[in-house]
Structure formats: C-alpha cells, structure tokens
Amino acid sequence: MTGEEGTKGEESVTAVFVALKLSLLRNGLRQSPVRRTTYITTLVLVSVFAAFQFLALVVLRGNAHAASVTVLLLAAMALGWAFMPLFFPSGDETLDPTRLVMFPLRPRPLVRALLVASLVGVGPLFTLSLLAGSAIALAHGAAAFVVSLAAVPLALLVCVALARAVAAANIRLLSSRRGRDLALLSGLVVGIGAQLANFGMQQLGSAGLGELDPVADVLAWVPPASALGAVHSVSEGEYGAGLAQFALSAAALVLLLGVWSRTLTRLMTSPDGSTLQAAEPAGKRERRSGGLARLLPDGRTGTVMERSLRYTWRDPKTKAAWATSLVIGLLVPVFNVLKGTGSVYFACFAAGMLGVQMYNQFGQDSSAFWLVAMTISSTRDARAELRGRALAILLISLPYTVLVVVVTTALLHDWAGLPKALGLSLALLGAMLAAGTWSSARFPYSIPQEGYRNVAPGQSGLATAAIFGGMIGAVLLCAPVIALTIWLSVEAGGDRWSWLLPPVGAGYGALLVYLGLRLSAPQTARRLPEILAAVSKG
Amino acid sequence: MVDGVAVRVQGLWKQFGDQVAVAGIDLELPAGKFVGLVGPNGAGKTTTLSMVTGLLRPDHGTVEIAGHDVWRDPVGVKARIGVLPEGLRLFERLSGRELLAYSGRLRGLPGAEVDKRAGQLLDVLDLAGAQHKLVVDYSTGMRKKIGLAAALLHNPEVLFLDEPFEGVDPVSAQIIRGVLERYTTSGATVVFSSHVMELVESLCDWVAVMAAGRIRAHGPLAEVRGEASSLQEAFLELVGAGGRDHGSHLDWLGGGAR
C-alpha cells in the first residue's frame, strides 16, 4: 500500500465515523416526538446559554480577574468531560469499541476517526464557545491572538480526548452490572455538586473574585486550562511561561491519545470479560450476617429489618435515595446558618427528608414483593412486616435527626431553641413514618429498576399524590406539637417548660407510628394482590 | 390430603379490560402426582397459576388447596404451598444464601433449621459455589434453581412452578428434575406449567391442556394422549393447530442459493 492510498483510506474511515455519528443522532431523534422536542429544547437552551456565556466572557476582557475566571471555567469544563462518560455510558454508541471489533480497523486511523467524530455534538460546540470567549477575554496583542488560534483547538481536543480515554479505560466496568449501579448513583453526585457549587457562587458573590486567584494560578499550569494560561502569559509578555504552558497541554493531548489508542487495541483484541470481572470479587467475598444481625429483634421484624438495611446499602436506587436524604437533610439547615438566614427549626428538614424513605415501601421491592405477599397470611404478619421496615428506617434516621438538630443548634449557639427543634423533629419523623406506612399500603406504585426514572409511566399522578398528600398529612398530624411549641414560645415564662418538648415530641411521634402500623396492617394484608399488581408495572 | 384432591378450582374467571384471560376453569388436581399444565403462549397458564396461588385476585370462582380456601383461609394455604412464579423478580441484591435465610425466616421457621435446610438445598442444586454471589449476577438457570430452593424450604405439600425449565441449560434442568422427582415420590404434589410437550410427557402423570383461557382436556397422561403417537400431536389436535402445512409456500427455501 502506498502512502497516498493509506491517507485516503484513513480519511474515508473518518468520514464514515462522522456520518455514522450523524445518522445515529438523526435516528435517535426520529424515534419519538418527545425525544425530538427534548433534544431541540436542549439545543436551543444550550445555544442561548453558550451565546450569553460568550458575550459575558467578551465583556470580561480587560478585567483584572479575567484570567482566573476563564482558567477556572475551563478546568471545571474538563472535569465535566472526564466524568460525563462514566455517568452516561450509553449516551454515545460510537464510543463503544466493542461494537467495532468485527471490522478490520487499525488503531491509528481509528483513534483519529473517533476523535473527529466526537467533535460532532452539542458538548464540543458549547466548549468551543467557552474557549473562543475566553481567548477573546484574555488575548492582548497580535502574538497572544496567534497563540490562541492554536490554543483553542488544542484545549478542545484535550477535553474530547480526555473523555474518550476515560471512557475506554472504564468500558469493562461500564458494561457490567457494577458499572450500571455506579451510573445510577451519578445523579446524586451531580445533585450534591450543584448544591455545593451554588453555595460557592453565593460565597463568591459576597467575597469577590479575588478569592479565586491562588487556585487559578495553579490551574493555569494544568492541562487543558494551561492552554488558556499560555494565552494569558503571552499577553503579559511572559513568552517562556506561555510556551511551557502550551507545551504542557500539547503533551497532555499526545499522552491521552497514546493511552486511548493502547486501551482501544487491548479492548478490541481481547475477549469481553465484563461479567466474569463483575462476578468474581463478589464470589470470593463472604457475605455474612455480621454483628448487627444478632442485635436485631427475633422473628419477622428482625428478618425484615436486616433485609431493609442490606438494601439500603446494596440497591443503587435505595442507596441514592438515602444518600440524597442524608446529605440534603444536613446541607439545608447548615447552609442556611452559614448564609445567616438560619433558624434552629430548619433542622426539622432532616426528619422530613428521612421520613420520606418510608413512602412506597412495597414499590421499592418491585415485583419481588410476591415473596413477601406469599408469607403474609394475617394482619399480624403484615404488622410485623411494616414494623420491621419502619424500625430499619428509624435505626438510621433517629440518630441522624438528633445529630442534625444538635449540629444546627451548635452552629447557631441557640441552645435555648434545642428542645423545641428536637421535639418538633421527633414528632415530624414519627408523623412521616406513620403517613408513609399508610400510603405504602394504600397507594403503592412501581419504581422502574433501570434508568433514572423513579415512577413507571402512568403512575406519576399516583406517586405525586401519595408523597405530597402524605407530607401535608404528616405536617397536619404534627399540629398539636407545633401548637404547643408556638404556645411555649409566645407565652411569658413558657421557655421554662420547653424541656418538656423532646419527650412530648418523641412520645407523640411513637404514638403516631404505632397508630400508623395498626391502621395500615389490615389494609396491607387485605390488598396483597392489588399491591403486587401495582408494584409490578414497568 | 382431603379425598386425594390437592387443588380444587371452580368457575375461575379473570378478565383484563375486554380481554378474557381465563374463561371459567373447573379442575381437580390429584394429590401426590406430577401435574403438568400445558398450553401455547397466551393460553392463560400464568394467570391461572397466579390466581391459584393467591398472587392475583380472580373476578369469580374459588380455589381450594388441601381443603383450604385460598382467599378465605390464607393461613391454612400459604404454609402449605411453595411457588416459583415466572416473570417476577427475586430480592436480587441478596446473595443466594441470604435469600434463602430471608424467605425461610419470613415463613416463621427457626433460624438454625432454615440455615441447615438452605445449606443442603444449595448443595443438591449445585449452587454452593455461588451461594455468596448476589442473585442479580446469577444466570437464568441459577435463578430458577434458587427460586426452587426458596419454594421448597418450608417443605410445602403442593409446589406450583411456572415454566421452571424455561431458559434453563440441560445440566440445571436435570438437577431440577431430580429434585422434583424425589419430592413427589414422598407424596407431595407438583403442579407446573410448560409449553414443551416432550418435557411434560416425560415428567408428568397427569396433564391439563389449556388454550384460550379454557381447559381443553385433562386427566392421566395416557388418557389425554389417547390414540395419538405423542402428547405433542394430541395437543396440536386439541388446540386445533394440527395438520397445518405451509411448506409449499416456502419452496425456494434451502437447496442452495438460486
């Protein structure tokens, strides 16, 4: 084969991959109007956002902190590129080298083709607008503009190559069950990350952009942000530093492409062992009922508690729900304290968030509920089943609720408010568990096991009614304790009696849980087939 | 067992919207036998078994198992039956052993006894090596076997299995078969559904043929088979699919490319 023919062949491979990517995109859109609408809406929103970001960056030109802001933005963007493929592994079929195994492709043209094909899409477009805006904001002088002409594509390629290399390195993991579990948890990371970012932005708004400079000084030497760092350095006349920063990014690109190419070759020449890999460690690790099991009560209650607690850790959806509740339950009161809008009563948020776990208990079992249904033959069985589930939740949520109340109080130094917040929290936790028990028996709905949705099609009305109705109901159930708290707060000398509130709240909460179990158990025992039918959809 | 009848079904009816899934079934299944419920896909086998085991509420009709009404006397029924449904999940984030420990204890058996029986069942079903693996990582055959173990754990009088051999490899199928044969010789009843006639013919003493929500024939295997050379042939005759020959429409098929 002559060199010329070789180039021609490679070009056609690249063209085929770009065409493939475009047809996959087109066919995906053709599948359903909903998908088309979603895609177009996303595209419009992203374009508008990209345009505004571009303008904002252009306006930033000349600002003292322009370098810090652009470098940080690009670093955050690169982080996003690195993690996206882990969170959305099925997002791009051209990503999956295992689909290409049967074709006679050489690594070098394949990597080039895949790289070019990955430049087609909304993500690269958005990144490009960010980079172009940053370059305009930073570049002063002809030399700097010339550097940015090379730096912008370089940074973009580093981002894309980073995503591909990370995805290829993890494809074995991503195609296994463990990988899919991991992907389900990713929503959580994004959610909590957004909370933290939001809080960070608000802090910045008050403290000024100067805070960013030290971090940005370091990041300006880390690829791909160092490409923008190079533009800045050249603008400042520091040609040596600029050259070094540019070289760093270029070296990173070469390194990433090398790693990617090697991983691809290995993937395409060795058999797929994803299931073996996923299964083996689990087989070797002994799963024993640890010391905890011995502390749980005897009989059905303990058995159910043990299973619920295992699921809290092992089932990705349950784990994600718990982690969200735990983190948000703590973050909301603490952030409000830090923002200066705090009140000790925000601590009740934790009780509310954790109590939600009791809702739709049987939906969490999905169609495996038949195993439970086969063993419930009386109201007593149903009561033990529900009691076990409520106790498993209490085992985590009760200490955590107390902890959040104490932490919030300590941050506020509002020790006088502690008994009131604690009493209210405990009553609310009890009320949430009681309402959750009742709605679990009365309004079960299924939770699809795959994907991010938590409601099966056609049941979202039911789910919303069950959760919001239950929450409002829980707050109403708490009314006596709320009234007592208010009365003790406004009545002269009432604070002397506020130590009464924790025991009253706890006792009232326990009473509600007891009544909830008594009311719901007969419902559950009577409606087993109906519950099974409701939770087996989807 | 009351008068040798394990399961008595009367006027069983189930409708989903306009679709009648089970259109009035009357059936008495003999105790101590290997009973096969056969029929094409969509005949209503799963719906019938779900109603018989109390997992689906019928529109009309009654079901008695060992003399106990399924809907009025669940305490009497649920302790006496074991079920392996088709198309329903297990608690897949438990390991095989944990699943058995969990379901045995839910049925109120003492913990030590559950663990002893679970160990033996895992050995016999050749799952001992995978007992600490999560069920979610099991193959189809392993799932059927762990489901069977969970259904047998409390030593039920009547065992209901919905398509127990569907998607199961020959080795696992032979193991399941061995366990079931041992179980019926002790006087227990197995009721299982299948659309694989050869399997039913080689395993069952008694069959009920179902099509379009009704029982077309039932009785001892030889009686249902009648004059026909195999159950397969008798079955095709019964459901009105016998003698269909579309071969001539595909005369281009085979014999090299042309």
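Below, chain A is the first sequence line, B the second, and so on; all start at residue 1. The structure displayed is predicted, hence computed values, not measured ones.
- Atom-to-atom distance recorded for A/Met374:CE and B/His154:NE2 is 7.0 Å, nearest 0.5 angstrom.
- In terms of heavy-atom pairs under 4.5 Å with chain A, the best-connected choice from B/Lys78, B/Arg105, B/Glu92 is B/Lys78.
- Side-chain contact between B/Phe91 and A/Ser366 is absent, with no heavy-atom pair separated by less than 4.5 Å.
- For A/Ala373, the parts lying under 4.5 angstrom from a heavy atom of chain B are both the backbone and the side chain.
- The shortest side-chain heavy-atom distance between B/Leu88 and A/Ser536 falls under the 4.5 Å cut-off.
- Ranked by heavy-atom pairs under 4.5 Å with chain A, the list B/Val75, B/Leu106, B/Thr53, B/Leu90 is led by B/Leu106.
- Taking CG of A/Leu371 as the start and CG of B/Leu99 as the end, the distance is 6.0 Å to the nearest 0.5 Å.
- In terms of heavy-atom proximity, B/Gly54 sits nearest to A/Pro529 at O-CG, 4.1 Å.
- A/Arg310 contributes atom CZ, which lies 7.0 Å from atom OG of B/Ser95 (distance to the nearest 0.5 angstrom).
- Proximity to chain B is absent for every atom of A/Arg380, based on heavy atoms less than 4.5 angstrom apart.
- Salt-bridge annotation for B/Glu98 and A/Arg314: present, with a side-chain N of the basic residue lying under 4.0 Å from a carboxylate O of the acidic one.
- At distances below 3.5 Å, not a single donor-acceptor pair connects side-chain atoms of B/Tyr102 with backbone N or O atoms of A/Thr303.
- For B/Arg117, the CZ atom counts as densely surrounded, since its 6.0 Å shell holds more than 12 non-hydrogen atoms of other residues, nucleotides or ligands.
- Contact of B/Leu56 with chain A is made through the backbone alone, with heavy-atom distances under 4.5 Å.
- No other option in B/Arg57, B/Arg107, B/Arg93 has as many heavy-atom pairs under 4.5 Å with chain A as B/Arg93.
- For the set A/Asp365, A/Thr375, A/Asp315, the entry with the most heavy-atom pairs within less than 4.5 Å of chain B is A/Thr375.
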